[in-house]
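Heads up: numbering here begins at 1 and tracks the sequence. Atoms within each ligand, like the ligands themselves, are counted from 1 in listed order.
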Amino acid sequence: MDCLPSGCDKKALKRLLSCYIRHSFCIISCATNLDPMDLKSSRAASVLTDPGPINKSRLCMHSSVLPYSPPRAAFSPGLLLIIPRKKTGILDDFRTSSWLDAMKSSSPPPKIAATKDEYSSTEADVAYNAWMAKYPSALESFEQIANHAKGKRIALFLDYDGTLSPIVDNPDCAFMSDAMRAAVKRVAKYFPTAIISGRSRDKVYEFVGLTELYYAGSHGMDIIGPVRENISDDHPNCIRSMDEQGKEVNLFQPAGEFLPMINEVFGSLVECTKDIRGAKVENNKFCISVHYRNVDEKSWTVVAQRVDDVLKDYPRLRLTHGRKVLEVRPVINWDKGKAVTFLLESLGLGHSDDVLPIYVGDDQTDEDAFKVLREGNRGYGILVSSIPKDSSSADYSLRDPSEVMEFLSSLVTLKKSSAL
Ligand SMILES: O=P(O)(O)OC[C@H]1O[C@H](O[C@H]2O[C@H](CO)[C@@H](O)[C@H](O)[C@H]2O)[C@H](O)[C@@H](O)[C@@H]1O
């Protein structure tokens with residue numbers, strides 16, 4: 001313990017280590033310097049084959065009605081991520097500018113992210129069309145999707161920012177349109193629908209405001225799902241709780257142990273970035289976003305360096321990149337893909353041949369969900385992007401939130417026509 005950096009949550013780490021020793025797992029090896037993102041340990045998903053009715057009651061209560069309660073087990077051993085890296089900090093690559101490169105490429109430059117019409121006959125148009133050949137439009141391929149969905153129960157998973165709402169400069173103002181809200185409400189009438197967001201669950205519920213959905217916040221690390229017997233056998237952190245209306249729900253917070261640490265780091269990040277014009281730190285409960293969208297590009301290295309300086313003292317936290325945002329999150333083997341699997345199981349739809357999960361998202365963190373659906377050949381991933389992106393595990397694409405809305409409406413029309 002003495003070798004721990006100052007500021008590290010020693011008590012929590014002690015508890016974690018004893019849990020790790022019990023289960024003969026290695027949490028963090030300080031031997032090499034590999035990218036944490038490439039080193040996720042795998043964990044077989046549990047199987048529930050008893051489909052039950054889908055409870056569409058209000059499952060989205062504010063966390064104030066769910067005071068944080070420590071999970072029954074400190075950690076499921078399968079949730080521990082093996083992250084070999086040097087103890088000198090996450091950002092050893094920083095000097096080679098890899099962080100900065102990732103920061104620069106994390107969002108389309110405004111000139112390229114133009115509307116469809118502005119694209120015509122430009123190089124960008126050609127590149128986009130080539131990309132579309134790999135990731136065809138989910139609207140143009142709708143018939144194909146509909147054919148595949150015949151006789152199956154569709155389950156919908158929707159990311160929030162950039163998928164249901166446009167990307168805007170101020171994260172507090174990323175409102176979805178009323179038309180989009182109505183479209184999501186309609187689709188949720190016919191298909192079980194969940195929002196899976198990097199935001200805190202409270203915040204994303206505040207934006208969406210629909211009681212008929214399921215919500216997973218903090219990149220899937222804070223889920224409220226329907227009560228499902230046996231699910232806690234595989235997920236010891238899953239506890240039975242009550243929603244605002246007194247209805248029983250399952251609350252799953254696999255990173256519950258990290259809450260004090262996240263709050264501490266949030267404070268440090270706010271403090272150390274306060275003199276950087278345009279920088280904004282957002283507390284997403286089990287993860288933290290450091291926004292640099294409004295920071296002068298010349299100061300991006302300063303943002304990266306300051307975040308690195310803080311994280312050096314927290315080897316149990318890792319960093320991922322989003323759209324002009326650095327995301328700080330716990331080192332656990334849990335992501336949006338695992339959240340999809342968890343919700344499918346909770347809904348009684350896990351591993352059934354007659355279920356077709358569809359996940360729509362725009363960001364790097366959504367790739368985990370695309371992968372889960374692709375690997376098991378279970379469903380479809382739809383990537384929302386107006387520009388060609390690096391290779392994706394999605395099957396289809398949509399250009400922007402307005403196309404997402406059109407796609408949701410098409411699903412409703414299909415259902416109403418009884419073609420499913
Ligand atoms: O998983 P998501 O629902 O897509 O959330 C991911 C992050 O989205 C938000 O940031 C992004 O959208 C902002 C508003 O349009 C934009 O200003 C920012 O540059 C984008 O990165 C949110 O603020 C983050 O906390 C989420 O992690």
Side-chain angles (χ1 to χ4, degrees), residues 60 102-110 113 156-177 180 184 193-209 213-223 255 262 265-266 269-270 273 278-297 300 303 307 317-330 334-340 343 359-370 381-386 389 392 394 398 400-401 404:
C60 46
M103 288 169 84
K104 280 182 183 158
S105 64
S106 73
S107 212
L156 258 187
F157 299 93
L158 306 169
D159 166 57
Y160 182 75
D161 287 280
T163 297
L164 298 182
S165 69
I167 293 293
V168 293
D169 282 349
N170 183 353
D172 295 334
C173 297
F175 305 112
M176 69 196 276
S177 66
M180 178 66 96
V184 175
T193 303
I195 306 289
I196 304 193
S197 173
R199 303 260 188 176
S200 73
R201 182 166 46 77
D202 291 344
K203 185 72 185 176
V204 77
Y205 173 65
E206 214 177 289
F207 277 135
V208 179
L213 311 179
Y214 304 99
Y215 291 86
S218 310
H219 294 293
M221 287 180 282
D222 188 7
I223 307 179
I262 290 286
V265 171
F266 172 70
L269 289 172
V270 168
T273 55
K280 184 177 169 70
V281 186
E282 191 182 359
N283 190 337
N284 290 331
K285 189 157 183 171
F286 295 108
C287 47
I288 302 164
S289 293
V290 182
H291 294 276
Y292 56 91
R293 179 171 296 278
N294 303 316
V295 173
D296 188 309
E297 198 171 327
W300 287 3
V303 176
V307 174
L317 298 179
R318 66 181 170 123
L319 187 126
T320 56
H321 295 268
R323 298 178 71 169
K324 300 256 192 290
V325 69
L326 301 174
E327 312 252 28
V328 176
R329 49 154 92 190
W334 196 264
D335 52 39
K336 287 185 171 187
K338 299 227 165 25
V340 166
L343 275 163
Y359 186 104
V360 191
D362 72 314
D363 213 342
Q364 194 54 37
T365 58
D366 299 310
E367 287 296 328
D368 294 316
F370 297 151
I382 301 177
L383 176 59
V384 183
S385 182
S386 59
K389 281 200 170 169
S392 166
L398 288 167
D400 52 29
V404 173

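For the pair R323 and ligand 1, the shortest N or O to N or O distance falls below 3.5 Å. At least one N/O-N/O distance between D161 and ligand 1 falls below 3.5 Å. For G198, a nitrogen or oxygen atom sits less than 3.5 Å from a nitrogen or oxygen atom of ligand 1, counting backbone and side chain alike. Residue D366 has no nitrogen or oxygen atom sitting less than 3.5 Å from a nitrogen or oxygen atom of ligand 1, judged on distance alone. For ligand 1, the polar-atom distance check finds an N/O of V168 within less than 3.5 Å of one of the ligand's N/O atoms.
Nearest protein heavy-atom contact of atom 26 (C) of ligand 1 is S289 OG, 4.0 Å. Atom 10 (O) of ligand 1 has H291 CE1, 3.5 Å as its closest protein atom, hydrogens excluded (heavy atom only). The protein atom (non-hydrogen) at minimum distance from atom 4 (O) of ligand 1 is D159 OD1, 2.7 Å. Taking atom 19 (O) of ligand 1 as the reference point, the nearest protein heavy-atom neighbour is R293 NE, 2.6 Å.
When non-hydrogen atoms are compared, ligand 1 lies under 4.0 Å from neither the backbone nor the side chain of C287. Contact annotation for N284 and ligand 1: only side-chain heavy atoms (C-beta onward) come within less than 4.0 Å of the ligand. Residue contacts with ligand 1, taken as heavy atom pairs separated by less than 4.0 Å, involve S197 via backbone and side-chain atoms alike.
Numbered from 1 in the order shown, with element, the atoms of ligand 1 that lie under 4.0 Å from a heavy atom of V325 read 21 (O). Of all atoms in ligand 1, listed by their number and element, those nearer than 4.0 Å to a heavy atom of E327 are 27 (O). With ligand atoms numbered from 1 in the order given, ligand 1 contributes 17 (O) to contacts under 4.0 Å with heavy atoms of D169. Within the listing of ligand 1, atoms 22 (C), 23 (O), 24 (C), 25 (O) sit less than 4.0 angstrom from a heavy atom of E282. For ligand 1 and P166, the ligand atoms under 4.0 Å from any heavy atom of the residue are 15 (O). Within ligand 1, counting atoms from 1 as listed, the ones closer than 4.0 Å to a heavy atom of Y160 are 3 (O).
A donor-acceptor contact shorter than 3.5 Å links the side chain of D335 to the backbone of G337. At least one donor-acceptor pair under 3.5 Å links the side chain of Y292 to the backbone N or O of M103. Checking side-chain atoms of W334 against main-chain N and O of A255 turns up no donor-acceptor pair under 3.5 Å.
Ring geometry, F157 versus Y359: the interplanar angle falls under 30°, so the pair is classed parallel (tilted spans 30 to 60°). Taking the six-membered ring where the residue is Trp, Y205 and Y215 present perpendicular rings, their angle passing 60° and hence far from 30°.
Among the candidates V307, L269, V270, V325, the single residue satisfying the side-chain contact (heavy atoms from CB on, under 4.5 Å) test with I288 is L269. With D222 as the fixed residue, the salt bridge (Lys or Arg N to Asp or Glu O under 4.0 Å) test singles out one of R201, R199, K203, R329: R201.
Proximity of V290 to K280: side-chain heavy atoms (C-beta onward) are nowhere separated by under 4.5 Å. Looking only at side-chain heavy atoms (C-beta outward), L326 and H321 come within less than 4.5 Å of each other.
Not counting sequence neighbours, the partners of T273 by the side chain to side chain contact (heavy atoms under 4.5 Å, CB included) test are I276, A279, V281. For the side-chain hydrogen bond (donor to acceptor under 3.5 Å, both in side chains) test, residues two or more places apart in sequence or in another chain that qualify with D159 are T163, K336.
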